[in-house]
Amino acid sequence: MGTFVLVPGAGGMAWYWHRVAPLIRAAGHEAIAVDLPGDDGNSGLAAYADIVIRAIAKRSGVILVAQSLAGFTAPLVCVRAPVRMAVFVNAMIPEPGETAGAWWGATGAVEARQKAATRRGYATEFDVATYFLHDVPQDVLRAGPEQPREEADAVFGEPCRFERWPDIPIHVLAARDDRFFPVEFQRRVARERLGKEVEEIPGGHLVALSNPEGLTDRLLAYERGLTR
């Protein structure tokens with residue numbers, strides 16, 4: 001049995017994983033969806049890493065799954081906890097010492113998003129419906145929280161304090177319909193920062209809500225690869 005520790009992106013709501021976690025458990029594995037205080041202006045990356053590590057507790061050999069902003073928490077957890085594999089899902093991939101606030105300019109994320117919007121014919125100005133919710137089923141949205149948790153600024157100014165990526169398997173999953181981090185942008189960043197190729201699955205930025213089956217299938221396949 002594997003243990004999947006699922007870390008959400010901006011806002012930090014464990015609810016983001018509510019369609020994936022039951023599928024992982026149905027396959028005979030443990031799934032821990034971590035809730036982070038995204039709206040707490042006094043909590044930054046170190047606090048997030050502490051919370052994830054407490055959730056891991058005494059477990060060993062966990063598979064750490066980081067969505068979007070959680071890519072900045074992932075290396076801090078890997079340094080301190082027995083992580084056997086890391087999986088990035090439409091994630092921000094940091095350089096050692098980088099802040100999440102500086103990441104946008106360093107990677108050209110906004111320019112890449114706007115260029116993709118122009119090519120594909122939707123608004124270049126960011127709005128939640130266009131960039132996050134365009135492929136999430138309405139019944140899923142209706143069943144979710146009335147107000148999503150807003151991410152406070154604190155996390156964006158704290159350096160990601162790690163020296164190097166751990167010597168463990170690292171996978172980068174990119175949803176091919178992600179409008180926020182277009183797949184071609186994710187492909188470039190993964191190559192430049194990790195020397196990795198992305199694996200594509202159908203879905204948008206919130207792929208755990210729009211395509212939980214496809215995402216879970218890939219996560220389970222990665223776990224099977226560890227046991228061969």
Side-chain angles (χ1 to χ4, degrees), residues 7-13 15-17 19-20 38-39 45 65-74 87-95 98-142 144-145 147-153 155-157 160 170-215 217-218:
V7 188
M13 299 179 71
W15 177 83
Y16 173 73
W17 299 105
R19 303 189 75 195
V20 169
D39 56 353
L45 290 177
V65 184
Q67 191 264 342
S68 196
L69 177 61
F72 267 75
T73 302
V87 182
F88 293 98
V89 181
N90 295 331
M92 299 167 69
I93 300 172
E95 296 275 20
E98 188 174 43
T99 68
W103 179 90
W104 304 88
T107 60
V110 174
E111 182 181 11
R113 172 175 65 76
Q114 293 174 338
K115 285 183 176 179
T118 299
R119 288 197 307 271
R120 296 167 186 167
Y122 49 85
T124 57
E125 189 71 22
F126 174 81
D127 69 83
V128 170
T130 298
Y131 283 90
F132 285 172
L133 307 181
H134 61 97
D135 67 331
V136 180
Q138 286 300 310
D139 61 328
V140 174
L141 294 177
R142 284 193 295 268
Q147 291 294 330
R149 189 182 297 160
E150 296 292 333
E151 184 67 39
D153 291 337
V155 73
F156 294 99
C160 191
I170 297 175
H171 296 279
V172 183
L173 272 175
R176 67 174 60 102
D177 302 312
D178 189 342
R179 295 177 175 181
F180 194 56
F181 297 156
V183 67
E184 58 272 18
F185 165 76
Q186 293 195 56
R187 189 179 297 119
R188 173 175 60 79
V189 173
R191 287 171 179 165
E192 291 175 353
R193 297 192 163 207
L194 289 175
K196 301 285 184 180
E197 296 297 324
V198 304
E199 293 188 61
E200 296 181 29
I201 56 174
H205 191 67
L206 303 184
V207 65
L209 296 177
S210 63
N211 182 20
E213 295 84 2
L215 175 54
D217 285 348
R218 291 309 312 149

Does the Thr73 side chain pair with the main chain of Leu69, one donor and one acceptor, at a distance under 3.5 Å? no

Do Arg188 side-chain atoms and Thr107 backbone N/O form a donor-acceptor pair below 3.5 Å? yes

Using the ring centroid of each side chain, check whether His171 and Phe88 are separated by less than 6.0 Å. no

Between Ala91 and Ala66, which heavy-atom pair has the shortest distance, and what is it? CB-O, 3.7 Å

Any sub-3.5 Å donor-acceptor pair from Gln186's side-chain atoms to Val183's backbone N or O? no

Side chains of Gln67 and Asn90: is there a donor and an acceptor less than 3.5 Å apart? no

Minimum heavy-atom separation for Ala208 and Tyr16, please, with both atom names. N-OH, 3.1 Å

Taking the six-membered ring of Tyr122 (Phe, Tyr or Trp), confirm whether the NZ or CZ of Arg179 is under 6.0 Å from its centre and within 45° of its axis. yes

Taking Arg120 first and then Glu184, would you say they form a salt bridge - that is, a charged N and a carboxylate O separated by under 4.0 Å? yes

Ring centroid separation for Phe185 and Trp104, is it under 6.0 angstrom? no

Please name the pair of heavy atoms, one in Ala112 and one in Pro182, separated by the smallest distance, quoted to 0.1 Å. O-CG, 3.8 Å

Might you work through the ring-ring contact (aromatic ring centres under 6.0 Å, His included) test for Tyr131 and His205, ending with a clear yes or no? CA-CA 7 Å; Tyr131 283 90; His205 191 67; 9.8 Å; no

Under the 3.5 angstrom rule, does the side chain of Asp178 hit a backbone N or O of Gly204 as a donor-acceptor pair? no

Main chain of Ala174, side chain of Glu200: is a donor-acceptor contact present, judged purely on distance under 3.5 Å? no

Just by modelled atom types, is the Ile93 backbone N or O under 3.5 Å from a matching donor or acceptor in the Arg193 side chain? yes

Please check if the distance between the ring centroids of Phe126 and Phe132 is under 6.0 Å. yes

Do any N or O atoms from the side chain of Glu151 and from the backbone of Gly11 form a donor-acceptor pair under 3.5 angstrom? yes

Expected output: side-chain Arg113 to main-chain Phe180 donor-acceptor under 3.5 Å: no

Less than 4.0 angstrom from a charged side-chain N to a carboxylate O is my criterion; do Glu192 and Arg187 meet it? no

